[in-house]
Enquirer: 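Sharing a structure here in structure tokens format.
If you're wondering where the values come from, they're calculated on a predicted model, not measured in any experiment.
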Amino acid sequence: MAYQFKDIEAKWRKYWADHATYYCDTSDFSKPKYYALDMFPYPSGQGLHVGHPEGYTATDIISRMKRMQGFNVLHPMGWDAFGLPAEQFAIKNNKHPEIFTRANIEHFKNQINALGLSYDWTKEIATIDPDYYKWTQWIFLQMFKHDLAYVSDIPVNYCPELGTVLANEEVVDGKSEVGGFDVIRMPMRQWILKITEYADRLDEDLADLDWPKSTLEMQHNWIGKSTGVSISFSVADSDEEFKVFTTRVDTLFGCTYCCLAPEHPLVKKLVTPEQKEAVEEYVEASARKSDLARTSTEKEKTGVFLGVYAINPINGKKIPVYVADYVLGSYGSGAVMAVPAHDERDYAFAKKHGLDMIQVLEGDISENAMTGDAKHINSDFANGLDIAGAKAAITKKLEELGKGELKINYKLRDWIFSRQRYWGEPIPVVTLEDGTEFPIPEDQLPLTLPEMSNYKPDTNGKPPLAGAPSEWLNYETPDGRKGIRETNTMPQWAGSCWYYIRYIDPHNPNAIADPKLLEHWLPVDLYVGGAEHAVLHLLYARFWHKFLYDIGIVKTKEPFKKLYHQGMILGANGEKMSKSRGNVVNPDDIIESHGADSLRLFEMFAGPLEERKPWSTTGLDGAKRFIERAFRILDDENFRAKLSDENSGELDYSYNFLVKKVSADFEALGFNTAIAQMMVFINDCYKAEKIYRPYFEGFVKMFSCVCPFVGEEMWQMMGHKDLITFEPWPAYDESKLKKSTINMALSINGKTRDVLELDAEVTEEEAVKVAMASEKAKPFLEGKTIRKVIFVKGRILNIVVA
RNA sequence: GCGGGCGUGGCGGAAUUGGUAGACGCGUUAGACUUAGGAUCUAAUGGUUCUCCGUGCAGGUUCGAGUCCUGUCGCCCGCACCA
């Protein structure tokens with residue numbers, strides 16, 4: 001009958017759906033649990049691309065193996081469904097964004113089901129469901145109550161084009177990550193989450209995670225912990241003082257000027273009348289610059305003298321104070337002490353502005369600043385000390401003077417959590433007439449989005465919800481105080497911060513999830529998704545999880561034990577797939593032409609999961625060919641006749657090695673090599689006189705994890721009534737892996753000269769004897785003296801001659 | 001500049017972690033079967049002056065190096081004035 005993939009896939013797709021085959025009873029604790037999670041997709045209008053099935057197939061293979069191994073497997077899927085494209089659709093068509101979003105979800109779900117992924121759809125969630133975002137809002141309220149959410153007028157990344165504020169993480173090169181529009185900095189009233197409060201724990205707990213090194217490193221750098229000293233500089237002839245942060249307090253004697261960021265509040269206060277005009281012009285100019293413009297002038301260090309002087313607390317020296325935009329207002333205290341001799345940036349600034357340079361460490365500063373370690377000079381009591389010693393001595397002195405203290409700073413900043421958008425979770429807080437923030441009572445959740453006639457933000461940054469009906473906007477507290485609802489909404493990240501928790505108990509009306517279930521199912525055992533989320537989503541989710549841990553909701557410190565990033569599938573030409581390059585492959589077309597099993601097999605076989613791999617049409621053909629070769633053994637009567645209930649022993653080694661290798665490789669997500677071994681086994685079956693039926697059944701079980709449709713079909717063809725899904729995972733017999741004879745390399749002076757067939761238990765003397773008789777080795781041994789013999793049993797025999 | 005990763009046949013990639021380099025697949029070639037096949041099966045397939053040469057390049061350690069060390073070149077990803 002040949003391999004009719006369309007019929008086979010349609011048949012099992014329907015069967016699995018009708019029978020809810022992959023339902024997971026999360027309250028069944030009788031078996032060990034395994035939680036395999038995919039990063040849930042944003043249901044875009046384009047539908048799935050071929051990158052989606054890659055990660056999804058990986059977790060699906062693991063899920064299927066774990067089920068066979070007797071685990072209770074939770075393998076859910078859902079929708080990260082708030083987002084910009086839906087809002088833009090709403091604005092354009094003046095229709096509710098949910099219409100667009102629900103249609104996309106429907107499309108995605110059909111596509112995903114076509115791939116044969118063993119999701120338990122009874123666990124399906126969407127972040128836009130009020131039953132779901134009720135709990136997103138609930139978590140926010142808990143954060144508010146624990147002082148982790150607050151409102152502030154702060155300079156933010158505002159994108160006029162998108163009409164909203166963006167998080168620092170959402171701004172790339174001064175442009176919005178979505179759309180690539182210009183982003184400017186301006187002060188606005190925003191909700192902020194104190195992620196910095198968790199900076200230390202987010203950093204330290206990275207050590208316990210089984211995550212890609214690069215991702216751990218990225219998070220570590222993003223948090224950017226640095227230890228230094230905060231020093232107070234008083235302003236000469238004034239009561240004012242300002243603080244600077246430095247990691248090189250040892251160079252304090254070399255400080256010849258100070259710099260304030262343009263945003264620093266003291267700039268306006270301190271500037272002298274003579275310098276006022278120049279300074280104000282400079283401050284305004286840098287405010288107008290986008291982040292991109294500010295960073296693109298990397299080499300050029302601009303700044304203006306304020307006209308005032310500060311006192312270096314360590315030696316009482318008067319030094320000039322500048323305003324310069326190479327100092328960031330958002331890091332440390334927004335002010336620095338400048339040591340041109342030992343800091344490259346200060347060096348460049350000092351050269352340009354003709355400022356003094358005092359060398360305080362030995363070394364050459366004629367061309368560049370000297371930033372390495374050396375003996376201190378010109379540093380009074382710190383002379384002769386190295387960096388560490390001078391740091392300690394000067395810090396101690398500053399502490400005695402009351403002018404300095406140890407301080408830890410982070411690059412990580414608090415998370416700007418509000419967006420001037422319609423299509424997001426409403427923030428469940430009301431601003432009362434007296435200006436205070438009132439969290440709405442929990443029994444009033446969910447706070448649902450109101451129906452609107454216009455979804456557009458206004459040009460002043462007023463959110464769309466400001467135009468909501470007054471019944472929605474006006475609020476009265478249970479004790480009769482009046483107020484106006486918050487009209488900002490949460491960012492898209494909110495819903496994805498905790499979705500893995502809701503899957504465990506998705507319909508619970510009374511709690512985020514049943515505590516007993518949470519304790520049993522967390523953490524997630526395996527989490528697979530794109531590397532583009534290495535900082536954003538994964539850092540935010542860890543932050544929320546740690547908060548939920550602190551308030552006793554979850555019992556694990558970290559949400560995701562093991563993380564894997566699937567590599568991107570590139571176009572056939574090795575370039576990134578894109579419409580403009582015309583190299584986009586649509587999974588629907590492949591399912592139509594080759595079938596979902598072939599698509600899955602190809603994507604898993606193409607190369608290591610984490611590597612980027614080019615698409616290959618011939619490779620896809622090859623995947624299908626392999627399925628056909630395996631299928632033929634049951635389908636073709638000549639092959640079928642070879643199946644035997646008696647073991648001829650021919651395939652003993654091949655099969656047992658297969659089971660061992662596939663078990664280990666699957667566990668390590670090494671799917672390409674596992675599949676290669678399956679191919680070897682099928683090749684061996686083709687050569688064999690007889691195929692021992694249980695061996696072939698074992699093969700089909702493992703094969704079905706990669707190709708579930710044809711796997712299930714073949715299982716049925718072998719006469720089974722029950723599904724292959726819950727069959728026990730094959731075992732292997734270690735004793736069958738021992739060969740009686742082995743091929744051992746014979747090398748002379750390290751170069752392989754012959755391969756000897758030897759008894760597996762051969763001794764060194766016997767091996768050497770055989771080696772001496774080798775025709776191939778003879779020319780290299782004749783007339784030589786044996787100096788040394790290296791014999792590694794089962795591996796190699798190396799004879800050193802001279 | 002800093003951090004992370006990677007360089008192996010015509011191509012995607014293997015290599016028991018220091019022990020026969022090139023598994024498996026793609027492609028190519030030959031043969032079989034066939035009215036025919038771009039289907040299927042079988043076999044061959046790193047290069048080569050037939051003796052060697054081969055894992056980006058140059059050294060080193062070792063009986064033995066794709067694997068370890070030093071230097072160097074190239075590519076990819078992230079961060080980027082963080083004081």
Enquirer: By the salt bridge (charged side-chain N to carboxylate O under 4.0 Å, His left out) test, which pairs, at least two apart or in different chains, include something from residues 616-625 of chain A?
Expert: A/Lys624-A/Glu628
Enquirer: Report the glycosidic orientation of B/rG78: syn if within 90° of 0, anti in every other case.
Expert: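 Anti.
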Enquirer: Would you say A/Phe791 and A/Val768 make side-chain contact, with heavy atoms under 4.5 Å?
Expert: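 Heavy-atom side-chain distance check fails, nothing below 4.5 Å.
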Enquirer: Would you classify A/Arg787 as touching base, sugar-phosphate or nothing, given that sugar-phosphate means primed atoms plus P, OP1 and OP2, and contacts are heavy atoms under 4.0 Å?
Expert: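 Answer is nothing: A/Arg787 stays at 4.0 Å or more from every strand.
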Enquirer: Name the atoms and distances for all side-chain donor-acceptor pairs under 3.5 Å in residues 653-662 of chain A, with sequence neighbours left out.
Expert:
from: A/Ser654; atom 1: OG; to: A/Asp684; atom 2: OD2; distance (Å): 2.6
from: A/Asn656; atom 1: OD1; to: A/Asp733; atom 2: N; distance (Å): 2.8
from: A/Asn656; atom 1: ND2; to: A/Asp652; atom 2: O; distance (Å): 2.7
from: A/Lys660; atom 1: NZ; to: A/Glu734; atom 2: OE2; distance (Å): 3.4
from: A/Lys661; atom 1: NZ; to: A/Asp665; atom 2: OD2; distance (Å): 3.0

Enquirer: Of all residues at least two apart in sequence or in a different chain, which pass the side-chain contact (heavy atoms from CB on, under 4.5 Å) check with A/Glu757?
Expert: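 Applying side-chain contact (heavy atoms from CB on, under 4.5 Å) to A/Glu757 gives A/Thr741, A/Asn743.
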Enquirer: Would you please enumerate the stems RNA chain B participates in, each stem being three or more consecutive Watson-Crick or G-U wobble pairs with both distances under 3.5 Å?
Expert: B:1-7 with B:73-79, B:10-12 with B:24-26, B:27-32 with B:40-45, B:56-60 with B:68-72
Enquirer: Measure the acute angle between the ring planes of A/Phe245 and A/Tyr331, then classify it against the limits of 30° and 60° as parallel, tilted or perpendicular.
Expert: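 The rings of A/Phe245 and A/Tyr331 stand perpendicular, inter-plane angle above 60°.
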Enquirer: Pick out the pairs of N or O atoms, protein on one side and nucleotides 48-50 of chain B on the other, that lie under 3.5 Å.
Expert:
none

Enquirer: Going by ring-ring contact (aromatic ring centres under 6.0 Å, His included), name the residues that satisfy it together with A/Phe666, two or more places apart in sequence or in a different chain.
Expert: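 Result, ring-ring contact (aromatic ring centres under 6.0 Å, His included) vs A/Phe666: A/Phe671.
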Enquirer: Generate the contact string for nucleotides 21-36 of chain B. Rules: B means base contact, S means sugar-phosphate contact only, - means no protein heavy atom under 4.0 Å.
Expert: S-BBSSS---------
Enquirer: Would you confirm whether A/His565, through its side chain, and A/Gly529, through its main-chain N or O, come within 3.5 Å as a donor-acceptor pair?
Expert: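 Confirmed, A/His565 side chain pairs with A/Gly529 backbone.
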Enquirer: For B/rA14 versus B/rU55, give the span between their C1' atoms, rounded off to a whole number of Å.
Expert: 12 Å
Enquirer: Quick one: label A/Phe626 by what it contacts on the DNA or RNA (base, sugar-phosphate, nothing), any heavy atom closer than 4.0 Å.
Expert: nothing
Enquirer: Mind checking the C1' distance from B/rA80 to B/rG1? Whole angstroms is fine.
Expert: 8 Å
Enquirer: Would you say A/Ser747 places a side-chain N or O within less than 4.0 Å of OP1 or OP2 belonging to B/rC63?
Expert: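 So the side-chain polar atoms of A/Ser747 never come under 4.0 Å of the phosphate oxygens OP1 or OP2 of B/rC63.
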Enquirer: According to the salt bridge (charged side-chain N to carboxylate O under 4.0 Å, His left out) rule, which pairs have a member within residues 246-256 of chain A, sequence neighbours left out?
Expert: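 Residue pairs with at least one partner in residues 246-256 of chain A: A/Arg248-A/Asp250.
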Enquirer: With rounding to the closest Å, how many angstrom separate the P atoms on B/rA43 and B/rG64?
Expert: 38 Å
Enquirer: Just compare B/rA83, B/rU16, B/rA43 and give me whichever is closest to any side-chain atom of A/Arg795.
Expert: B/rU16
Enquirer: I'd like the C1' distance from B/rU45 over to B/rG9, given in whole Å.
Expert: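 10 Å, rounded to whole Å.
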Enquirer: Under 3.5 Å, side chain of A/Asn312 to main-chain N/O of A/Leu252, donor-acceptor pair present?
Expert: yes
Enquirer: Check every strand shown and say whether A/Lys613 touches a base, only sugar-phosphate, or nothing at a heavy-atom separation below 4.0 Å.
Expert: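 Contact class for A/Lys613: none.
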Enquirer: Judged by each residue's nearest nucleotide on RNA chain B, which is more toward the 5′ side, A/Asn221 or A/Gly332?
Expert: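 Looking at RNA chain B, the more 5' nearest nucleotide goes with A/Asn221.
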Enquirer: Looking at B/rA83, I'd like to know if its phosphate oxygens (OP1 or OP2) sit under 4.0 Å from a side-chain N or O belonging to A/Tyr326.
Expert: no
Enquirer: Can you find an N or O donor on one side and an acceptor on the other, under 3.5 Å apart, linking the side chain of A/Lys301 with the base of B/rC81?
Expert: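 A donor-acceptor contact between them is present.
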Enquirer: Is there a side-chain contact between A/Asp346 and A/Tyr326 (heavy atoms, below 4.5 Å)?
Expert: yes
Enquirer: My understanding is that only residues two or more places apart in sequence, or in another chain, count here; which of them pass side-chain contact (heavy atoms from CB on, under 4.5 Å) with A/Lys403?
Expert: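 A/Lys403: side-chain contact (heavy atoms from CB on, under 4.5 Å) contacts with A/Ser232, A/Ser234, A/Glu241, A/Pro313, A/Leu398, A/Leu401.
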Enquirer: Show the distances under 3.5 angstrom between N or O atoms of the protein and N or O atoms of nucleotides 6-11 of chain B.
Expert:
none

Enquirer: Check side-chain contact (heavy atoms from CB on, under 4.5 Å) between A/Phe605 and all other residues, then give those that pass, not counting sequence neighbours.
Expert: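 Here the qualifying residues are A/Ile675, A/Ala676, A/Met679.
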Enquirer: What integer number of Å spans the C1' atoms of B/rG27 and B/rG66?
Expert: 25 Å
Enquirer: I want to verify a distance call: between B/rA83, B/rG19, B/rU20, whose nearest atom is closest to the A/Val327 side chain?
Expert: B/rA83
Enquirer: Which part of the nucleic acid, if any, lies within reach of A/Val755 when heavy atoms closer than 4.0 Å are counted: base, sugar-phosphate only, or nothing?
Expert: base
Enquirer: With P as the reference atom in both, quote the distance from B/rC73 to B/rG25 in angstrom, rounded to an integer.
Expert: 40 Å
Enquirer: When all nucleic acid strands are considered with a 4.0 Å heavy-atom cut-off, which category describes A/Pro608: base, sugar-phosphate, or nothing?
Expert: sugar-phosphate
Enquirer: Can you name the side-chain contact (heavy atoms from CB on, under 4.5 Å) partners of A/Leu406, sequence neighbours left out?
Expert: A/Val229, A/Thr395, A/Glu399
Enquirer: For the rings on A/Phe631 and A/Phe703, is their centre-to-centre separation under 6.0 Å?
Expert: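 Centroid separation for A/Phe631 and A/Phe703: 6.0 Å or greater.
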Enquirer: Expressed in whole Å, how much space separates the P atoms belonging to B/rU16 and B/rA21?
Expert: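 B/rU16 and B/rA21 have their P atoms separated by 14 Å.
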Enquirer: Please tell me which of the listed nucleotides, B/rG12, B/rG5, B/rU20, lies nearest to the side chain of A/Lys213?
Expert: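 Side chain of A/Lys213 sits closest to B/rG5.
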Enquirer: Should the heavy atoms of other residues, nucleotides or ligands under 6.0 Å from NZ of A/Lys562 be counted, would the total exceed 12?
Expert: yes
Enquirer: Is the glycosidic angle of B/rU29 within 90° of 0, making it syn, or outside that range, making it anti?
Expert: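 That one's anti.
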Enquirer: Is there a side-chain contact between A/Arg632 and the phosphate of B/rC41, meaning an N or O under 4.0 Å from OP1 or OP2?
Expert: yes
Enquirer: Determine the interatomic distance between C1' on B/rA65 and the same-named atom on B/rG60; round to the nearest Å.
Expert: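 The same atom, C1', in both gives a distance of 11 Å.
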